[in-house]
Amino acid sequence: MMFLKKILAKFKSIKNIEIYVALVLALVVILIVFVGAGTKNKSQSSANDTYISQMEHKICSVIENIAGCGKASVAISYSSNEEYVYAYETVTTTSNGVTKQTSSIVSVKGEPLVVKTLPPTILGVVVVAEGADNPVVKLKIVEVVVTLLNVQQKDVQVFTYKS
């Protein structure tokens with residue numbers, strides 16, 4: 001008990017202790033905000049990486065089953081942002097013969113209501129495959145990627161696997 005009284009006496013003797021306490025509290029709040037934001041971004045990035053990795057594996061397994069094609073590797077470049085589709089509420093009001101419509105995002109507990117989350121946008125695809133030196137096989141590989149990922153043909157590059 002005496003120990004606590006000594007510490008309390010030391011704190012009382014410090015001039016402008018309120019400023020020091022406020023600075024320490026502000027620092028703690030800033031750390032909590034940035035650490036929390038970093039965790040959220042890491043989990044979102046991890047989910048995106050998992051989705052892209054699954055798509056790469058799926059495309060690779062399809063390409064390896066094409067006649068004339070052997071071992072294959074696929075790399076997908078993507079934007080790191082997911083897109084969110086929010087729920088909207090439209091209110092129609094009529095006043096003095098004039099009808100007015102206003103739309104607003106529906107929120108639940110202060111957060112906007114997400115109806116659907118769209119995966120990250122695919123920017124480009126690179127495929128390296130055995131047999132890709134054959135123009136027919138190369139065209140089939142491009143068609144598979146375009147069909148499965150709904151990307152444009154110009155966004156797909158196919159190269160021959162090194163011997």
Side-chain angles (χ1 to χ4, degrees), residues 20-94 99-163:
Y20 293 120
V21 171
L23 286 173
V24 169
L25 288 176
L27 186 64
V28 168
V29 169
I30 289 171
L31 285 173
I32 289 172
V33 168
F34 284 116
V35 169
T39 304
K40 186 175 182 181
N41 290 339
K42 286 179 186 175
S43 66
Q44 179 183 6
S45 178
S46 176
N48 290 345
D49 290 343
T50 302
Y51 167 76
I52 294 298
S53 178
Q54 289 173 345
M55 293 306 294
E56 288 171 344
H57 179 73
K58 182 179 190 178
I59 291 168
C60 194
S61 65
V62 171
I63 289 172
E64 288 175 345
N65 287 316
I66 295 174
C69 188
K71 185 177 175 182
S73 296
V74 177
I76 298 174
S77 172
Y78 64 97
S79 68
S80 61
N81 298 328
E82 295 177 326
E83 289 185 48
Y84 300 104
V85 178
Y86 298 104
Y88 283 89
E89 177 180 45
T90 303
V91 177
T92 305
T93 56
T94 304
T99 302
K100 181 180 177 182
Q101 286 188 338
T102 56
S103 294
S104 60
I105 295 177
V106 176
S107 63
V108 177
K109 297 181 182 176
E111 295 289 322
L113 179 62
V114 177
V115 176
K116 183 171 35 171
T117 303
L118 302 174
T121 304
I122 295 173
L123 304 174
V125 181
V126 174
V127 178
V128 180
E130 291 177 345
D133 51 345
N134 180 337
V136 174
V137 173
K138 188 173 188 175
L139 180 63
K140 287 179 182 180
I141 291 170
V142 171
E143 288 175 353
V144 164
V145 173
V146 166
T147 301
L148 291 177
L149 294 178
N150 194 27
V151 294
Q152 294 184 1
Q153 194 170 10
K154 68 178 181 67
D155 296 329
V156 180
Q157 296 292 317
V158 179
F159 300 99
T160 305
Y161 217 94
K162 68 179 179 181
S163 302

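Heavy-atom basis, side chains included; hydrogens, waters and symmetry copies ignored.
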Would you call Val114 and Tyr86 a side-chain contact if the rule is heavy atoms closer than 4.5 Å? yes

Using only atom types and a distance under 3.5 Å, with no angle test, would you say the side chain of Glu130 pairs donor to acceptor with the backbone of Lys71? yes

Flag side-chain contact, heavy atom, 4.5 Å: Leu139 against Gln153: yes

In this structure, NZ of Lys140 is separated from OG1 of Thr147 (nearest 0.5 Å) by 13.5 Å

Once rounded to the nearest 0.5 Å, what's the spacing between atom OG1 of Thr93 and atom CD of Gln101? 9.0 Å

Point-to-point distance, once rounded to the nearest 0.5 Å, from CG of Leu149 to OH of Tyr78: 13.5 Å

Looking at Val74, Leu148, Asp155, which one forms a side chain to side chain contact (heavy atoms under 4.5 Å, CB included) with Val125? Val74

Nearest 0.5 Å, what's the OG1-OH distance between Thr117 and Tyr84? 5.5 Å

Taking Asp49's backbone N and O only, do any of them form a donor-acceptor pair with Ser53's side chain (distance below 3.5 Å, no angle check)? no

For residues Ile105 and Tyr88, determine if any side-chain heavy atom of one lies less than 4.5 Å from a side-chain heavy atom of the other. yes

Under 4.5 Å between any side-chain heavy atoms of Val145 and Ile63, yes or no? yes

Output for pair (Ile122 CD1, Ile52 CD1), nearest 0.5 Å, gives 5.0 Å

Keeping Thr160 on the side-chain end and Asp133 on the backbone end, is there a donor-acceptor pair under 3.5 Å? yes

Can you tell me how far apart OG (Ser73) and CZ (Phe159) are? Round to the nearest 0.5 Å. 13.0 Å

Does any N or O in the side chain of Ser79 come within less than 3.5 Å of the main-chain N or O of Thr121, such that one atom is a donor and the other an acceptor? yes

Considering all heavy atoms, the nearest Cys69-Val137 contact: CB-CG1, 4.0 Å

So, Glu64 side chain and Ala72 main chain: donor-acceptor pair closer than 3.5 Å or not? yes

